[in-house]
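Note sheet for the following structure.
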Amino acid sequence: MLQENIRHTMNIRTRRDVKKFLEGLSTGSSSLLKNVTGGYHYHTIEAESEEILDDIQNGLAEKGFLARLQDYEPVDFWGEEESNTNV
């Protein structure tokens, strides 16, 4: 399996940023990442506190947006696998 990392900083911090991003999608000036990854990809999310990150993770999980990590991924956010630890 070919594993390629593509990184891009989206700088989406406000509702206005979200609106601008969605407008780009609707006009065709932006494309969804899933269109080039076959649907599977992940994002790095930063927040001011662990509590906010937990709220975000729980919200994404409730909506079905979180996928289980693949064997080659270094982080186990659910604490289920000892083999998936930070490198």
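T44 OG1 to M10 CE: the interatomic distance, rounded to the nearest 0.5 Å, is 11.5 Å.
Remark: T27 engages S29 in a side chain to side chain donor-acceptor pair (under 3.5 Å) (not counting sequence neighbours). Applying the side chain to side chain donor-acceptor pair (under 3.5 Å) test to D17 and every residue at least two apart in sequence or in another chain returns T14. Residues satisfying the side chain to side chain contact (heavy atoms under 4.5 Å, CB included) test with L25, not counting sequence neighbours, are F21, L22, S30, L32.
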Trace of the side chain to side chain contact (heavy atoms under 4.5 Å, CB included) decision for K20 with R16:
CA-CA 6 Å; K20 190 174 179 181; R16 179 179 286 173; 5.6 Å; no
Side chain to side chain contact (heavy atoms under 4.5 Å, CB included) assessment of I52 paired with E50:
CA-CA 5 Å; I52 293 171; E50 197 74 26; over 6 Å; no
